[in-house]
Number of protein chains: 2
Amino acid sequence: MPDTPRRAGRLPGNRYGNRPTMKDVAARAGVGLKTVSRVVNGEPGVTPETERRVQEAIDALGFRRNDSARVLRKGRTASVGLVLEDLADPFYGPLSRAVEEVARAHGALLINGSSAEDPDREQELVLALCARRVDGLVVIPAGDDHQYLEPEIKAGVATVFVDRPAGRIDADVVLSDNFGGARDGVAHLIAHGHRRIGFIGDMPRIHTAAERLRGYRAAMEDAGIPVKDAWMSLGVTDPERVRRAAEEMLAGPDPVTAVFAGNNRVTVTVIRVLAEHARSVALVGFDDIELADLLQPGVTVVAQDAAALGRTAAERLFRQLDGTLLAPDRIELPTRLITRGSGELPPAD
Amino acid sequence: MPDTPRRAGRLPGNRYGNRPTMKDVAARAGVGLKTVSRVVNGEPGVTPETERRVQEAIDALGFRRNDSARVLRKGRTASVGLVLEDLADPFYGPLSRAVEEVARAHGALLINGSSAEDPDREQELVLALCARRVDGLVVIPAGDDHQYLEPEIKAGVATVFVDRPAGRIDADVVLSDNFGGARDGVAHLIAHGHRRIGFIGDMPRIHTAAERLRGYRAAMEDAGIPVKDAWMSLGVTDPERVRRAAEEMLAGPDPVTAVFAGNNRVTVTVIRVLAEHARSVALVGFDDIELADLLQPGVTVVAQDAAALGRTAAERLFRQLDGTLLAPDRIELPTRLITRGSGELPPAD
DNA sequence: TAGAGCCTGGACAACGTTGTCAGGTCCAGG
DNA sequence: CCTGGACCTGACAACGTTGTCCAGGCTCTA
């Protein structure tokens, strides 16, 4: 009979592919279980000679500590979860990376998931992460009711919301100044002589979209310009519909001479439409986009710092875990207007 | 005396913030431990009435199953790891998202980490993921020796390498046709009359960079054009140095009339340099970039499908886990030349 | 009405690790 | 030679879950 594998006959044998455990290492090194544990964790109180023998057995068997068991015993997973809308969106890449860097500095791994802007999927993801007992959560909300998180937060899961505030729950939030940024961007167009300014943005149920719309309205009101419904297009985000919305604004009886685009995806489509348009139309977009400076004209944008959002949120998260953070707070990061040409075009009527 | 918390006196009380366990739920519902387990896992053999009582207790206590314990018992974590270079790079966002979608379809979560192109950090990340007993790994290698993974793979961790092949180990690999893509791109420039063509790429120790360089050389050789050292710049990736390299090629005694850019970051910088350059210079870049069609001229690129890379790799990973996949294989996905203007400019000498 | 068979529920061990604690060895000092 | 302390080492329980197995109560049929 060949070597009988450990646990033979008890399981098909594919449990972790039959990995060696500390017990196996201990047997091979001729020491106690706990001594192996000590060596693996670099705890003091082991003779160099013993340590050498254990280390040898570890290498020979290819032992790797099972963190699931460790977590079960210790209660901390050294991992944090990040739930965002879509990792493929260039806005979230740097944000995610920033969270990862902070986590790494604290010795934690990052688990992330995309909600695809679906509240149910967000909840499903968040709860799955809680079941894994992540130490903390950074969430970019898709839904607007986060009461389902209350038991988790009570149970000690550190939580920070980013980019959009949480709904019906008191928690840390890190936001960009969407209102101020949009207001400044629109005011910039007004300062360059525009009065008929269009706004194309996402569904107002998304907080950022609503705030930017509010900024648009505020700037118009400050300048004493009445806003026409035909100048506003809300809830529009896929390229086809943005295109149609932009074309309608440009063609109506009261055509706009400038457009404020509510996010990076809208901006890109609007650029395409304007490129085909005969009359010159000014444009300011929310969110910076790569190569914006190389287009003709350069694209003027209200830029937010995605990496700073992620970093700030993650740092708050770990301060919650340290216990150095007291009450939940709302932090707002400033935006920056970057003028490159498209926002400085004069009205062409 | 107020309600004494469970485990009072044993621990500071912050272990998972004292979350309820199945035992607690069982006690509250007045049933046995295993019955709670059955309800939580939707196993048959529980009366509706009992199930209701248990469910009530679960809701009241805010119970959430501890997946660490579950994993320890079951041996599968339902999570896969993804190690890539930099999540903030727009090339990796869609790739990561594609892996996530496939994982999600298989009920698994995605843990990902950025190696920052550092082999040590790659190994550290991979081993940390193995310690968490991820079921599988998708790795975009930073280093060129992956023997350290051998015990893990033997132990049953499914593994697929993407974008670059693994070093010194036999494993599944999913690649783009870097050689063919680069050769076609350069041949395209040659077909438009260019003979002095520059190449700017990353360090040849990176497989993709080496393959693209090889494609460049092959195309030149096929056309019988001797390549001058001054036309090639390798290992250059930060904007400052790419800029200098490009300027030198354009200014030398034998100035290039066209440039092949080895990756998206190089392309972007070269575009900037060319925009300031008096003479018209043709450009083909490897990797597509957003808005490439809106520049003047549009940027001709060799596009690879990042999402397809991720999807293909993840699908192979789960086929390994199903056991339906046999021997390790090497899959090469085609690239696509997208002509937009910059690659069709005639030589300007 | 008794026995067979089915359904529901619970006791118990095991997963691999770490914290606690006690035993054992070795040496210095009395 | 004995005592005490410092230092190593290992036995054991516990973390929260799931798989196995058995007990008890029910229904149905002969």
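Owing to the predicted nature of the structure, the values given are computational and were not obtained by experimental measurement. All values below were derived from every heavy atom in this structure, side-chain atoms included, with hydrogens, water molecules and symmetry-related copies excluded. Lettering follows sequence order; numbering is per chain, from 1.
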Subject >> Heavy-atom donor-acceptor pair, Glu100(B) side chain to Ser114(A) backbone, under 3.5 Å >> reply: yes
Original post:
Between Met22(B) (CE) and dA14(C) (P), how many Å, whole number?
Top reply: 20 Å
**OP:** Tell which nucleotide pairs with dG30(C), taking only Watson-Crick or G-U wobble pairs whose two distances are both under 3.5 angstrom.
**Re:** dC1(D)
Original post:
To the nearest Å, how far apart are Asp67(B) CG and dG16(C) P?
Top reply: 18 Å
Subject >> Distance in angstrom units between Arg64(B) CZ and dT17(D) P, rounded >> reply: 12 Å
Subject >> Atom pair distance, as rounded to whole Å: CZ in Arg19(B) and P in dG16(D) >> reply: 11 Å
Original post:
Hey, is the main chain of Ile169(A) close enough, under 3.5 Å, to the side chain of Glu150(A) for a donor-acceptor pair?
Top reply: no
Original post:
Asn41(B) and Arg65(B): side-chain donor and acceptor closer than 3.5 Å?
Top reply: yes
Original post:
Would you say dT18(D) has OP1 or OP2 under 4.0 Å from some side-chain N or O of Ser37(B)?
Top reply: yes
**OP:** Round to a whole Å and report the spacing from CD of Glu43(A) to C1' of dT18(C).
**Re:** 8 Å
**OP:** Taking Arg53(B) for its side chain and Ala29(B) for its backbone only, find out whether a donor-acceptor pair lies under 3.5 Å.
**Re:** yes
Original post:
For Asn66(B) and dC15(D), is the shortest distance between a side-chain N/O and OP1 or OP2 below 4.0 Å?
Top reply: no
Original post:
Where does the angle between the aromatic ring planes of His106(B) and Phe318(B) fall among parallel (under 30°), tilted (30 to 60°) and perpendicular (over 60°)?
Top reply: parallel
Original post:
For Arg76(A), does its backbone N or O pair with a side-chain atom of Asp135(A) as donor and acceptor, under 3.5 Å?
Top reply: no
Original post:
When the distance from CD1 of Ile58(A) to P of dG16(C) is rounded to whole Å, what number comes out?
Top reply: 16 Å
**OP:** May I ask you to verify if any side-chain N or O of Arg65(A) is less than 4.0 angstrom from the OP1 or OP2 atom of dT18(C)?
**Re:** yes
Original post:
Between Arg164(B) and Glu122(B), does at least one N-O distance fall below 4.0 Å, as a salt bridge requires?
Top reply: no
**OP:** Select base, sugar-phosphate, or nothing to describe what Asn41(B) touches, counting heavy atoms under 4.0 Å on all strands.
**Re:** sugar-phosphate
Subject >> nucleotides 5-13 of chain C: protein proximity per nucleotide (B base, S sugar-phosphate only, - neither; heavy atom, under 4.0 Å) >> reply: ---SBBB-B
Subject >> Leu72(A) side chain, from C-beta outward: closest of dT17(D), dT17(C), dC15(D) >> reply: dC15(D)
Original post:
Counting just side-chain N and O atoms, does Lys23(B) come under 4.0 Å of either OP1 or OP2 of dT17(D)?
Top reply: no
